[in-house]
Amino acid sequence: MADTATTPAEHGSGEPVPAAEATGITKRYGATVALRDARITIAPGESHALVGRNGAGKSTLVSVLTGLQAPDTGTLRFSGAPAPAVGDVDAWRSRVACVYQRSTVIPDLTVAENLFLNRQSDGPLRPIRWKELRRRAGALLAEYGVDVDAAARAGDLTVEQRQFVEIARALSFGARFIILDEPTAKLDARGISRLFDKLRALRRQGVAFLFISHHLQEVYDLCTTVTVYRDAAHILTAPVAELGHQALIEAMTGESAAVGTATTGGARAAVRTGTGKGLTVEGLTLKGTCRGLSLSVRAGEVVGLAGATASGNVRVAEAIAGLHRAEAGRILVAGRSVRTGSVTSALAAGVGLVPEERHLQGLVHHRSVAENATLTVTDQLGPCGTVLPARSRSFAQRMIEDLDIKTPSAATAVSALSGGNQQKVVVARALATDPRVLVAVRPTNGVDVRSKEFLLGRIRRAADAGKAALIVSDELDDLRACDRVLVMFHGRVVAEFGPGWQDERLVAAMEGVAGAPAAAGATPAAGATPAAGATAAAEAPEAPSAASTTTSGTSEAPAASKTSAASETSAASEAADSEAHGR
């Protein structure tokens, strides 16, 4: 359920002074209208959600709210005072900060150096007093309850810890309004729970948050108010408690949500069983990730590989695509063995990969849509290693139409597209080789509701055409599109779910909750109850094991203490997910 923050202080008029207020904001880029008379008001101590489809204008509003760009028309105020002039960096930092999806923490510097970057000493000619710097950093972290060593190297922190450091850095400038852009994209359930707890504590201190997310359940879990943008314009602002899920989706899309919901439910209810050989993994051992892991995906089938951040599911997917060399085991595509650790071998065997992080792994940002979409098929674009521009444009145009990529032209820089359309370019490139096996890691990460439905539907179309599809994700919406779901925990497949699974049961399996009762359609490891499967999974990956999707065998060994710890740390997450399911 949404939080209820303490009532903010009122001024003489009886109304609280907004922490941030934008009215009549219009921004154009040539003939493109990015914002049209947009508005938003965030109260002190409020957690305010901003939602909308990709291209709705959210990113442009953030650039205006943070002073990166000036609006063509409109006014912007912070705590009742006019916004500073664009370019006055110090003045903007004292009013607003943004924690972006892509971390701005410098990994090779310490936490203390990141917190006080460019202000390590009292003046430009004064020496840095390192002991004093670490003391100041420690005091700042303690003030906001951030449990991180100020002397630690930032690159050694978890994603969650880096976010806390960025929030603490923003608060150190005096900002009481913080924008969070997809803050949960790389966190597992427990990390999200800790982040939300921290945000609630800061709200009680009067800090206001603008929370931007494509995960609508998080809006209901954290926020008190939601604003919807669509087609560059403000659509509505309403208390979260008064706006149902379907009404929110309809406001975002301008369409009824009933059709999309029915399609998703049908995809999960229908049992599809492929018959041909697709992907087979036998006894795969990856150092520090898994040992003796086996699974299979038949041609014409979509299988989910679920798991939390530490489960190893992403690394297994990357190994299938040739990014990691296995210590032991085999990977076969259509019965043909693939040399592990070789992207070339994986591509030749017919593996297409949608990587986890499109910005770092999936796109060449300064290149065009056409160049990005055809990177894996350059051998088809001209003779003797050459690339014929006309052939490249023609190939790319077919993919643009197939994936419904919204772009002015194939020559447009991919960095100019919205997040959803960038993701479609990544999927287009994975499909360009007409792969036998499509491996998609969190394929709908950071995209809007309609783009999510489209991408999952496109993966289903690939399977219907005889491909084997493996969706690697911890997103329940992604997993609902699958025919079967395998759950990994600490390097092992501990359960398999068929159609009709329940959200809380699947989440419990992902979190390693011992004693979770069997769900409809769930299959524990052979010869073990689900609790025993979770217990075995809590062991380190180096323990002997073998798990298969068809004969899911998992070796068991005592691990009571670790299972108990996993159960305790996951209890809050399980309860939250159960409540969300019953909403």
Side-chain angles (χ1 to χ4, degrees), residues 3 5-6 19-20 42 44-48 62 65-68 78-79 89-122 128-188 190-213 218 222-223:
D3 286 331
T6 54
I42 299 98
E46 180 182 44
S47 186
H48 193 123
V62 169
L65 289 174
T66 53
L68 295 178
F78 295 102
S79 300
V89 177
D90 290 338
W92 281 95
R93 281 177 174 170
S94 67
R95 290 162 173 79
V96 58
C98 184
V99 178
Y100 294 95
Q101 184 176 346
R102 299 170 67 184
S103 176
T104 59
V105 168
I106 301 174
D108 290 329
L109 298 183
T110 66
V111 170
E113 290 169 317
N114 272 283
L115 287 172
F116 294 102
L117 192 63
N118 294 328
R119 49 188 182 138
Q120 296 97 324
S121 63
D122 297 331
I128 299 174
R129 294 158 47 188
W130 294 104
K131 186 175 181 180
E132 174 64 14
L133 181 69
R134 288 189 289 272
R135 187 199 65 76
R136 289 167 56 204
L140 176 65
L141 295 169
E143 180 181 356
Y144 296 109
V146 180
D147 186 18
V148 174
D149 183 3
R153 178 178 172 274
D156 296 332
L157 303 182
T158 64
V159 173
E160 176 188 348
Q161 289 173 324
R162 288 198 295 271
Q163 287 181 335
F164 290 157
V165 168
E166 291 194 73
I167 292 171
R169 181 171 62 189
L171 295 170
S172 74
F173 284 101
R176 307 297 287 173
F177 170 49
I178 298 178
I179 300 169
L180 300 172
D181 184 11
E182 296 284 351
T184 65
K186 297 180 180 178
L187 301 180
D188 59 17
R190 282 173 285 187
I192 292 171
S193 177
R194 287 190 293 267
L195 173 65
F196 283 9
D197 287 344
K198 183 63 63 182
L199 298 183
R200 292 179 183 111
L202 291 171
R203 284 182 54 206
R204 289 192 287 270
Q205 299 178 39
V207 179
F209 293 97
L210 181 62
F211 182 78
I212 300 173
S213 177
E218 294 174 357
L222 179 69
C223 300

Problem - Separation between CD1 of I178 and OG1 of T66, rounded to the nearest 0.5 Å - result: 13.0 Å
Problem - Distance, nearest 0.5 Å, that separates CZ of R203 from CZ of R200 - result: 8.5 Å
Handout entry: Side chains of L115 and L141 in contact at under 4.5 Å (non-hydrogen atoms)
Key = yes
Exercise for the section: Check whether any side-chain heavy atom of R176 sits under 4.5 Å from a side-chain heavy atom of V207, and report yes or no. Expected result: yes
Practice task
Could you check T110 against L133 for side-chain contact (heavy atoms from CB on, under 4.5 Å), going step by step and ending with a plain yes or no?
Solution key: CA-CA 11 Å; T110 66; L133 181 69; 5.9 Å; no
Problem - Salt-bridge criterion met for R194 and D197 (N-O under 4.0 Å) - result: no
Problem - Value rounded to 0.5 Å, distance of CD1 in I212 from CG in D181 - result: 5.0 Å
Completion exercise
Residue pairs meeting salt bridge (Lys or Arg N to Asp or Glu O under 4.0 Å), one or both in residues 133-152, sequence neighbours left out, come to E132-R135
Practice task
Kindly check if the number of other-residue, nucleotide or ligand heavy atoms within 6.0 Å of CZ (R129) is above 12?
Solution key: no
Fill in the blank from the handout: Closest non-hydrogen atoms of A208 and P44, given as atom of the first, atom of the second and distance, are CB-CA, 4.3 Å
Practice task
Could you list all the ring-ring contact (aromatic ring centres under 6.0 Å, His included) pairs where at least one residue sits in residues 156-188, not counting sequence neighbours?
Solution key: none
Handout entry: Minimum heavy-atom distance between R169 and V105, given as atom pair plus value
Key = NH2-N, 4.4 Å
Exercise for the section: Hey, could you give me the NE2/CD1 distance between H48 and I179, rounded to the nearest 0.5 Å? Expected result: 11.5 Å
Problem - Gap separating the CD atom of E182 from the OG1 atom of T184, nearest 0.5 angstrom - result: 6.5 Å
Practice task
Considering non-hydrogen atoms only, spot the tightest contact between N114 and I106 and give its length.
Solution key: OD1-N, 2.8 Å
Exercise for the section: Using a 4.5 Å cut-off on heavy atoms from C-beta on, say whether the side chain of L171 contacts that of L202. Expected result: yes
Practice task
Compare all side-chain heavy atoms of F196 with those of E218 and state whether any distance is below 4.5 angstrom.
Solution key: yes
Exercise for the section: Could you tell me whether the side chain of I167 reaches within less than 4.5 Å of the side chain of K198, counting heavy atoms only? Expected result: no
Exercise for the section: Using modelled atom types only, decide if a donor and an acceptor are shared between the side chain of Q163 and the backbone of P183 within a distance under 3.5 Å. Expected result: yes
Exercise for the section: Would you name the heavy atoms of A150 and A137 that are closest together and state the gap between them? Expected result: CB-CB, 3.8 Å
Completion exercise
Interatomic distance, CD1@I42 vs CZ@F211, rounded to 0.5 Å, equals 14.0 Å
Practice task
Given side-chain contact (heavy atoms from CB on, under 4.5 Å), test L140 with F116 step by step and report yes or no.
Solution key: CA-CA 10 Å; L140 176 65; F116 294 102; 4.2 Å; yes
